[in-house]
Amino acid sequence: MNKPQKSIGIFDSGIGGLTVANAILNILPKESIVYFGDTAHLPYGDKSPEIIKKFCRAITSFLLQQEVKMIVIACNSASAAAFELVRKLAEEQQVTVINVIDPVVDYIVSNKFNHVGIIGTRATIGSKIFPTKIKIANPAIEVSALATPLLAPMIESGFVKGDISRTVIETYLADETLNDIDALVLACTHYPLIKREIEEYYKNNHKNVNIIATNEIVAQAVLSTLESQNLINKVGNAQYHFFVSDYTDSFKKTTQLFYDQEVSLKQIDIFKEE
Ligand code: DGL
């Protein structure tokens, strides 16, 4: 098979990366996808960088065995902990790796925000990767980061609308850390699924805050990287293969939400040597 016709490998701890996969397919509908959701080890956000790296190593080997042409780490926690590791492993097979942090940092810096709020998992916020990278690019941008550890498990369990999720979302957004921001980065790939609820909170509180859902920004980075490497699939016949380390109903339901066709979803144990 010619390299452009190979699949894009995408992974996350669970359903969050599907928001990225979906954004990629919206602008690159002819691409095939191999997706791995590490549902057995979710949430990544509460794990140490060492253990996240261990999971990412196994997932990267799996995706490289599937002969993907590119790997997208569709998880902020994994991007923060393991990007260098994944990049090195993939480099041996001339496979480019895109993370979900660098394209977003570029976007923030080029849009000249004054005070940016970041919400994400403990792993992402604890790594300080967003403030560090933004400050290197433009020290004048004020950055306030808040860990919001309940959000990803809440979303993964299907609590997106309703009183429970509204209370959790409002409690986090009302935190004084996020006072006076002009942009809020949803630094977890699960959060686009509650973007509407977040927008509603700011609207109801008469605050003008740009909500930056990173999936579309990352999809643009995938498009321009594939273009620059002449790897866009022009032939089509897109195929979607979804793998999970533990079969969950919420994963099945969410894949169905995103793809109007029946998708192949398989449980697979790629961590046998653990
Ligand atoms: N979607 C993952 C991220 O972007 C986090 C979810 C988790 O904690 O597993 O950070």
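Each ligand, and each atom within it, is numbered from 1 in the order the structure gives. All residue numbers in this chain count up from 1 along the given sequence.
Below 4.0 Å from some heavy atom of Ser13 lie the following atoms of ligand 1, by number and element: 6 (C), 7 (C), 9 (O). Close contacts between ligand 1 and Thr121 involve ligand atoms 5 (C), 8 (O), 10 (O) [criterion: under 4.0 Å to a heavy atom]. Each of the following atoms of ligand 1 lies closer than 4.0 Å to a heavy atom of Asp12: 1 (N), 2 (C). Those atoms of ligand 1 that come under 4.0 Å of a heavy atom in Cys188, given as number and element, are 1 (N), 2 (C), 3 (C), 4 (O), 5 (C), 10 (O).
In this structure, the protein non-hydrogen atom closest to atom 3 (C) of ligand 1 is Asn76 N, 3.3 Å. Ranking the protein heavy atoms by distance from atom 7 (C) of ligand 1 puts Tyr44 N, 3.3 Å first. Ser77 OG, 2.7 Å is the protein heavy atom nearest to atom 10 (O) of ligand 1.
At a heavy-atom cutoff of 4.0 Å, ligand 1 is contacted by the side chain of Ala152 but not by its backbone. Under 4.0 angstrom from ligand 1, the non-hydrogen atoms of Pro43 come from both its backbone and its side chain.
Salt bridge status for Lys195 with Glu199: present, with a side-chain N to carboxylate O gap under 4.0 Å. The pair Arg87-Glu92 does not meet the salt-bridge criterion, since no charged nitrogen lies less than 4.0 angstrom from a carboxylate oxygen.
Screening Thr19, Leu150, Leu193 against Ile155 for a side-chain contact (heavy atoms from CB on, under 4.5 Å) leaves a single residue, Leu193.
The shortest side-chain heavy-atom distance between Ile212 and Leu184 does not fall under the 4.5 Å cut-off. The closest side-chain heavy-atom distance from Phe130 to Val104 is below 4.5 Å.
Ligand 1 has no N or O atom lying under 3.5 Å from any N or O atom of Asp46, backbone or side chain. Here's the thing with Gly45: one of its N/O atoms is less than 3.5 angstrom from an N/O atom of ligand 1.
Heavy atoms of Gly120 come nearer than 4.0 angstrom to ligand 1 in no pair at all.
Between Phe243 and Tyr35, the distance separating the two ring centers is not shorter than 6.0 angstrom.
Counting all heavy atoms, side chain and backbone alike, Lys47 lies closest to His41 at NZ-O, 2.9 Å.
Ring-plane geometry between Phe55 and Phe271 is classed as perpendicular, the angle between the planes exceeding 60 degrees on a 0 to 90 degree scale with a lower cut at 30.
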